[in-house]
Every structure is written in structure tokens, then in C-alpha cells.
Amino acid sequence: PDRAITIAVTGAAGQIAYSLLPLLASGSVFGSRQRVALQLLDLPVTESVLQGVTLELEDGAYPLLELPVKYTSVSEEAFANADIVVLLGSFPRKPGMERKDLLAKNGAIFREQGLVLNRVAKQETRVLVVGNPANTNALTLSQFCTAIPKVNITALARLDHNRLRSLVARRLSCAVSDVHDVAIWGNHSSTQYPDVSFAYTSGVPVGKMRAALGGESQLQSEIIPTIQKRGAEVLALRKLSSAMSAARAIGDHLRDWMLGTASENELVSMVVASDGSYGIEKGLMFSFPVHCYRGGRYKIESSLSIDSFSRKYLEITQNELISERDEAMRVVSK
Ligand code: NAX
């Protein structure tokens with residue numbers, strides 16, 4: 001067996017973590033031969049919950065999990081020697097809270113965590129930001145963590161990607177595994193652009209997917225808004241935000257990023273620093289369709305042709321991200 005990979009998880013006393021940690025410990029993300037060491041972080045107020053989660057991980061008797069499981073409220077300790085850092089912890093939006101205040105609270109958290117990582121992380125450490133506003137939190141972190149190359153800092157769009165893939169499968173009455181190359185562009189927010197223009201199945205060739213789903217008007221009025229608002233729909237029903245599906249998406253993101261996608265040509269969606277492809281401002285943390293290769297590498301698929309239908313959506317989500325970035329940078333540079 002290989003050496004254990006060390007995974008730091010923040011917000012580890014929260015609900016996504018409660019679904020994610022068993023996936024990491026059981027081998028269903030990195031495979032049944034890869035040992036895993038967990039370093040859990042949450043705020044001091046949650047200490048007893050975090051300790052309880054640690055006891056449950058021990059009681060799981062996972063053959064691949066290194067014992068004892070470390071837990072702490074000191075980020076230096078959680079991040080030390082981590083190969084992978086999953087940032088779930090963030091300041092939640094409270095009723096009546098303005099976006100500007102949310103950006104300020106999270107700007108402070110992700111600046112601090114960026115600075116800590118800058119001191120204790122390795123150059124090869126891979127960082128996945130999940131806590132919202134995820135794209136902008138990842139951007140803030142990367143500004144303050146120059147020790148980690150920007151390509152090694154990503155944020156989660158895979159939940160949106162999986163939601164779209166599943167919706168297409170349900171609409172076409174086919175298996176999810178038969179749906180390929182859906183894409184999520186832009187912000188993990190209601191301005192994201194869920195795109196089926198490059199998607200295909202064994203029955204629907206590339207270029208015919210919009211028509212198969214009822215045409216552009218159907219996409220615009222129904223399919224796109226359904227994905228954009230899916231998180232809000234789950235929240236309204238469960239009175240809690242998506243957690244089981246978020247954990248699953250985090251597992252998919254990490255597996256594909258570290259081990260490569262199962263098929264070499266498959267497109268998956270990841271929030272990464274823009275390289276200027278498709279006219280998206282360089283450096284902006286933007287969800288793109290990417291290819292992943294073994295060894296923690298990925299490449300933005302930069303040769304897709306964007307028509308006027310898609311272009312409109314790309315601009316809206318880019319503009320939102322630029323305004324979030326400007327607001328976040330204003331507060332963190334104070
Ligand atoms: P919970 O509120 O259940 O858990 C969050 C945990 O983070 C809490 O235990 C809290 O004490 C901790 N925390 C807060 N600030 C921290 C800090 N500075 N350092 C360490 N820990 C800290 O939220 P949960 O449902 O688990 O969701 C976690 C985050 O994921 C939220 O920000 C949520 O909005 C975001 N999501 C992002 C998604 C994405 O696709 N990018 C989808 C799912 C989810 O909504």
C-alpha cells in the first residue's frame with residue numbers, strides 16, 4: 001500500500017463533513033488501497049461536536065484510516081503537512097444579511113487561512129474551497145497564499161455539474177453514466193450557466209442536445225433556472241442546505257482531480273483560475289469544463305465554440321464574479 005495521504009477538512013463539525021468524512025475514510029474517493037490521515041478543524045465553540053465526530057470515525061474501524069484521527073481548532077495544526085485541504089468552513093449567510101457583509105466576513109476568514117497555509121503548506125498541496133461564496137473565497141485565499149501555485153487552488157462546481165447531468169438523464173430517460181460533457185460555467189451561485197451544448201448520450205449526438213431537451217426556449221425558461229435554483233429548492237424543503245449530494249460532489253471533484261477522469265476525454269466542471277480562455281478575465285476564479293489527468297493535473301478545455309445564446313449567460317456570471325472580487329479585495333486590503 002502507498003503512504004497515507006493527509007487530508008485537512010475545515011468545518012469538520014458541520015453537516016457536509018458528516019457525509020464527506022466517511023467517504024474519505026472508506027476508500028470510496030481515493031481507492032481501496034490508499035491510506036488516509038484526517039486532520040479536522042472547526043471553531044472552538046464546536047469542540048465537543050468535533051470530538052464526537054472523531055469518536056465515530058474511530059468506531060467506523062475503517063481499515064484505511066490512520067489512527068488517531070487529529071482534531072483541533074488551530075488552523076496551523078490542521079493544515080500542517082496536508083496533501084489536500086478541503087475548506088468547508090465559512091461564515092453562513094444570515095437572514096437579512098447583505099452580500100457586502102457576507103463578503104467581508106468571509107474575506108477575513110479566507111485571508112487568514114491563506115496566510116496560515118502560506119506558512120505551513122507544501123507547494124504541492126491541493127486546496128478545494130467549498131464554503132460560500134466559494135469562487136470568491138478561493139480567490140481571496142489564493143491572493144494571500146503565494147506559496148501554493150494558483151493552479152493548485154480550486155473551488156467546487158461539481159455539485160451543479162452532477163445536478164445537471166442527472167437532470168438530463170431524467171429528461172431523456174437514460175442512465176446518468178450515458179450522459180457526457182455537460183458543463184457549468186462561472187459562479188457557484190444563481191448566475192451560473194448550466195450548459196448542455198456540448199453534451200451527448202448514445203442516443204443524442206453532440207450538437208443535438210438542446211433540441212432533444214425541448215429547444216432554447218425550454219432551456220431558458222425551465223432547465224437552466226432549475227439547476228441555478230436547485231440549492232435553494234433543497235434548502236426550502238429540508239430546511240438545511242445540500243449536504244449528502246455536496247459530499248458526493250466533493251468526492252468526485254477530488255478523485256477526478258487527483259487520479260484523472262475515468263475516461264480521458266470526459267469533461268468535468270471545476271472552479272479554477274481563468275487563463276483567459278473564452279475572454280474570461282485572467283485570474284478570475286471561474287467554473288470551466290476541464291480535463292483531469294492522473295497526478296493532480298487538469299487543463300481548461302479552451303477550444304469549445306460559444307454561440308450567442310451561451311455568451312449572454314457567460315457575461316452575466318462573469319460580471320457577478322468581477323463585482324464580488326472587487327468588493328472582497330476592497331475589504332481584505334483594508
Ligand atoms: P454547516 O453550517 O453545517 O457547517 C459549517 C461548519 O464550519 C460549522 O461547524 C462551523 O462551525 C464551521 N466553521 C465556520 N467558520 C469556520 C472557520 N473559520 N474555520 C473552521 N471552521 C469554521 O454548513 P455545511 O452545510 O456543512 O456547508 C458548509 C459550506 O458549504 C457552507 O458555506 C455552504 O454554503 C457551502 N456549500 C457549498 C456548495 C458548493 O457547491 N460550492 C454546495 C453545498 C454547500 O451549500
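All ligand and atom numbering here is 1-based and tracks the order in the structure.
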inquiry  = Which residues pass the side chain to side chain contact (heavy atoms under 4.5 Å, CB included) test with Ile109, not counting sequence neighbours?
reply    = Phe91, Asn106, Gln113

remark   = Contact region, Leu159 to ligand 1, non-hydrogen atoms below 4.0 Å, reads side chain

task = Just need the protein heavy atom nearest to atom 13 (N) of ligand 1, so name the residue and atom and give the distance.
result = Gly89 CA, 3.7 Å

note = Numbered in order shown, the ligand 1 atoms found under 4.0 Å of a heavy atom of Ala246 are 43 (C)

Atom 21 (N) of ligand 1 - nearest protein heavy atom and its distance = Gly11 N, 3.5 Å

key: Arg210/Asp307 salt bridge by N-O under 4.0 Å criterion   = yes

key: Min N/O separation Thr10 to ligand 1 under 3.5 Å   = no

task = Below 4.0 angstrom from a heavy atom of Leu88, which ligand 1 atoms are there? Numbered from 1 as shown, please.
result = 28 (C), 29 (C)

query = Any non-hydrogen protein atom below 4.0 Å of atom 2 (O) of ligand 1?
reply = no

request  = Look only at interatomic distance and state if Gln15 has a nitrogen or oxygen under 3.5 Å from any nitrogen or oxygen of ligand 1.
outcome  = yes

ask   = In terms of atom number and element, which parts of ligand 1 are under 4.0 angstrom from non-hydrogen atoms of Ser242?
value = 43 (C)

task = Would you mind reporting whether Val290 and Lys299 have side-chain heavy atoms less than 4.5 Å apart?
result = no

request  = Starting from atom 10 (C) of ligand 1, find the nearest protein heavy-atom neighbour and note its residue, name and distance.
outcome  = Asp42 OD1, 3.4 Å

ask   = Donor-acceptor pair, Asn319 side chain versus Glu315 backbone, under 3.5 Å?
value = yes

query = Is the closest side-chain heavy-atom distance between Leu102 and Pro133 below 4.5 Å?
reply = yes

task = Give the residue and atom name of whichever protein heavy atom lies nearest to atom 18 (N) of ligand 1, and the separation in Å to one decimal.
result = Ile109 CG2, 3.5 Å

query = Can a salt bridge be assigned to the pair Lys70 and Glu77 using a cut-off of 4.0 Å between side-chain N and carboxylate O?
reply = no

request  = Please examine the side chains of Phe79 and Thr10, heavy atoms only from C-beta on, and report whether any two atoms are closer than 4.5 Å.
outcome  = yes

message = Students should be able to answer this: which protein heavy-atom is nearest to atom 39 (C) of ligand 1, and at what distance?
response = His188 NE2, 3.1 Å

Salt bridge (Lys or Arg N to Asp or Glu O under 4.0 Å) involving Arg311 - partner list, sequence neighbours excluded = none

ask   = Which residue and non-hydrogen atom of the protein lie closest to atom 33 (C) of ligand 1, and at what distance in Å?
value = Asn132 ND2, 3.7 Å

task = Let me know which of Lys100, Arg99, Arg330 forms a salt bridge (charged side-chain N to carboxylate O under 4.0 Å, His left out) with Glu324.
result = Arg99

ask   = Do Arg170 and Ser166 have side-chain atoms, one donor and one acceptor, less than 3.5 Å apart?
value = yes

key: Ser241, Ser189, Ser90: member with heavy atom nearest to atom 15 (N) of ligand 1   = Ser90

task = Kindly indicate whether the side chain of Asp83, heavy atoms from C-beta on, has any atom under 4.5 Å from the side chain of Lys122.
result = yes

query = For atom 17 (C) of ligand 1, what is the nearest protein heavy atom, given as residue, atom name and distance?
reply = Leu43 CD2, 3.5 Å

inquiry  = Pairs of nitrogen or oxygen atoms closer than 3.5 Å, one from Thr46 and one from ligand 1: do any exist?
reply    = no

task = List the closest protein heavy-atom neighbour of atom 4 (O) of ligand 1: residue, atom name, distance to the nearest 0.1 Å.
result = Gly14 CA, 3.3 Å

key: Any Gln113 heavy atom less than 4.0 Å from ligand 1   = yes

inquiry  = Any donor-acceptor pair under 3.5 Å linking the side-chain atoms of Glu320 with those of Ser189?
reply    = yes

task = Within a distance under 4.0 Å of any heavy atom of Gly131, pick out the atoms of ligand 1 and give their elements.
result = 29 (C), 30 (O), 32 (O)

key: Enumerated ligand 1 atoms positioned under 4.0 Å from heavy atoms of Leu156   = 39 (C), 40 (O), 41 (N)

ask   = N/O to N/O below 3.5 Å, does that happen between Ile16 and ligand 1?
value = yes

query = Is the shortest distance from a Lys or Arg side-chain nitrogen in Arg163 or Glu233 to a carboxylate oxygen in the other one below 4.0 Å?
reply = no

